[in-house]
Amino acid sequence: MMTCTQENKGYRKTRKPILWLPYLLVIVVFAVYTLRVDVWFGDNYFRMMNWKGQSLLQFVFLDRYQTFSGRWLLDLFLCLIGDYDWIWRILNIFFSAVIVLSLDHLLSLETLWEKATLAVLLLLYPFESMAGAGWMSTTAVYWWVLAALLVSFIPLKRCMEGKKIPVWLWIIGLVATCYACDQEQAAVLFLVVSMAAIVTQRLREGKWIITRFQIVQLIVAVAMLLSVVLGPANGLRQEQEIAAHFANFGAFGLFEKLYLGVTHTFDMFFALPGMLMFPLSVIFLFAAWRKRGKADGPVFLAAVPLLYTILYSYLIVLFPQLVQWFYSHYKAESFDFTNMTTWFPVFFTILWIVAMLKTLWDAGDSGIKGFCLPAAIFLGGGMTTVAMGFSPTVYASGTRTDVFLWFALIFLSCLLLRRRRSDAGVESFEKLFVFVGGFAAFIEVAMKF
């Protein structure tokens, strides 16, 4: 007679291949999209016309800036690809798979429905934003950087679990850190999350625990960030972007830059057409309700992002006169601080931050110990978009710069569901979410093709 344990083992063995089907679907969709797109426009066309035939050394000293590029590693990698678009397509499919599998590993997802939930959210991400300045250049600076950033967190996860890091993971982790931190936004997010991980270890163990790998990784990250910020090309690039996109940047004070960054974040995640913020808001609200089990103040607070998303997505169509309250708040030319609509995004953004932090706190189960790292991921991701008001280069780069906050929110939503894994009703919610969200993802994917 087969024991219960044997039955469970047989069940897992039979079901294990099925667990990867959602991820296979995501990778196939990204692969088909990558193989279909036309890459020869924007920066790609500029590279083909101006840099063809140059040596690696000449390429690093870019024609556009006539001096050493701060993002030298990213540019060097693009140089190695050259104008062979088939190499880019292969690499982009590879890094897309790295993003999917790294998220799964970092989240420690186990069930089919957890993995399917992540797959749905990934399919709803506006991948077409990677075409902003040309597919090759944009993916190398954002999509591939995101993949490297996630890989760089894998050794950090092992450190927090008290596991030894093998030599091969040392090498991969440091290479990934070098590549990711050659981009300013990713470097800042990496440093914020890494420091939060160290603090979390201190809270858990009652003493400071910093491994040799963490020390080396932090030194590498800071060195790469400094090479970007202090590189001579960075100043020249800022001058060009100010002249082309941000003429009055020099006249802005600290408050105006902060306001510009906050309202950019507000508009990009709530007031622009898109299908991703709605399901994310649903998950955050469900996680808050499952934790508390009643409709009280914190749960109503967690409903704020969903409420606003509904208000804009539906009511604005019926009542277009309300658009001044919901969109187009940030303008580089003027700020009317006496107008109530000017302050609306600031007020709502503060509510959103408080709601998110309260939800993450409630879901932590262990107070500050379970709250510190998720809060750092959320706030660090937010810093990468608020930076738009402080950086002419981020401002000029548009929606593709939001990739880090988007994926921070995707990560946190899956994390909240995973932490409620054993609660009754969570799997039923995941099943409903996958079927409804999967339909929305199908529409989104169909529109892309």
Side-chain angles (χ1 to χ4, degrees), residues 22-23 26 99-100 103-104 106-126 265 268-270 274-296 298-313 348 351-365 370-371 373-375 377-379 381-382 402-444:
Y23 296 156
V26 174
I99 289 173
V100 176
L103 282 170
D104 176 80
L106 292 170
L107 285 162
S108 300
L109 302 181
E110 296 179 1
T111 70
L112 173 65
W113 299 108
E114 288 176 343
K115 295 175 186 290
T117 298
L118 174 60
V120 167
L121 294 174
L122 291 174
L123 290 174
L124 288 172
Y125 172 72
T265 303
M268 291 311 303
F269 287 88
F270 292 101
M275 301 180 71
L276 182 53
M277 195 61 209
F278 183 84
L280 286 173
S281 300
V282 170
I283 292 177
F284 292 135
L285 176 58
F286 176 79
W289 177 74
R290 287 304 309 168
K291 172 62 181 176
R292 303 187 70 84
K294 57 183 179 179
D296 58 3
V299 172
F300 285 124
L301 187 62
V304 169
L306 178 61
L307 175 62
Y308 186 84
T309 305
I310 294 174
L311 285 174
Y312 180 80
S313 300
F348 191 83
L351 270 184
W352 179 42
I353 293 172
V354 173
M356 281 293 299
L357 293 178
K358 178 59 179 174
T359 301
L360 294 174
W361 175 273
D362 285 342
D365 291 327
F371 170 75
L373 191 55
I377 294 172
F378 172 60
L379 295 176
D402 301 323
V403 62
F404 302 107
L405 181 52
W406 271 130
F407 274 81
L409 294 174
I410 290 173
F411 179 90
L412 292 173
S413 64
C414 292
L415 178 66
L416 289 174
L417 287 180
R418 193 208 71 187
R419 286 182 169 179
R420 306 256 59 86
R421 179 184 293 161
S422 60
D423 291 1
V426 171
E427 185 172 317
S428 297
F429 169 81
E430 289 172 339
K431 292 178 181 178
L432 179 63
F433 178 86
V434 168
F435 284 113
V436 177
F439 177 73
F442 174 81
I443 295 175
E444 184 78 3

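Contact annotation: the side chain of Leu124 approaches that of Pro279 to within less than 4.5 Å [non-hydrogen atoms, C-beta and beyond]. By the 4.5 Å heavy-atom criterion applied to side chains, Arg420 and Leu416 are not counted as neighbours. Leu122 has its side chain within reach of Leu103: a pair of non-hydrogen atoms, C-beta onward, lies under 4.5 Å apart. You'll find the side chain of Leu121 reaches within 4.5 Å of the side chain of Cys414, heavy atoms only. Inter-residue side-chain proximity for Leu280 and Trp406 is flagged as met; some heavy-atom pair is nearer than 4.5 Å. You'll find the side chain of Phe429 reaches within 4.5 Å of the side chain of Val282, heavy atoms only. Looking at Ile410 and Leu276, their side chains come closer than 4.5 Å, going by heavy atoms from C-beta outward.
The CD1 atom of Ile99 lies 8.5 Å from the OH atom of Tyr125; values are rounded to the nearest 0.5 Å. Expressed to the nearest 0.5 Å, how far CG of Leu415 lies from CG of Leu409 amounts to 12.5 Å. Atom CZ of residue Phe411 and atom CG of residue Leu107 lie 4.5 Å apart, to the nearest 0.5 angstrom. The line from CE of Met356 to CG of Leu379 is 9.0 Å long, rounded to the nearest 0.5 Å. Atom CD1 of Ile443 is separated from atom CG of Leu123 by 13.0 Å, given to the nearest 0.5 angstrom. Between Glu430 atom CD and Glu114 atom CD the span is 5.5 Å, to the nearest 0.5 Å.
Taking every heavy atom of both residues into account, Leu412 and Phe284 meet most closely at C-CE2, 4.2 Å. Residues Ala408 and Gly381 share a closest heavy-atom pair of CB-CA, 4.4 Å. Looking at every heavy atom in both residues, Leu360 comes nearest to Pro374 through CD1-O, 3.8 Å. Of all heavy-atom pairs between Leu357 and Ala375, the closest is CD2-CB, 3.9 Å. Between Ser413 and Ile283, the shortest heavy-atom contact is O-CG2, 3.4 Å. The two residues Ala441 and Val120 make their nearest non-hydrogen contact at CB-O, 4.3 Å.
A ring-centre distance under 6.0 Å is not found for Phe433 and Phe286. Ring to ring, Phe378 and Trp352 are close: their centroids are under 6.0 angstrom apart.
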Exercise. Given Met277 and Leu306, is the side chain to side chain contact (heavy atoms under 4.5 Å, CB included) satisfied, shown in steps?
Worked result: CA-CA 8 Å; Met277 195 61 209; Leu306 178 61; over 6 Å; no
For this session: Might you work through the side chain to side chain contact (heavy atoms under 4.5 Å, CB included) test for Leu417 and Trp113, ending with a clear yes or no?
Result: CA-CA 10 Å; Leu417 287 180; Trp113 299 108; over 6 Å; no
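Between the side chain of Lys115 and the main chain of Leu109, a donor-acceptor pair closer than 3.5 Å is present. In this structure, Arg418 contributes its side chain and Ser108 its backbone to no donor-acceptor pair below 3.5 Å.
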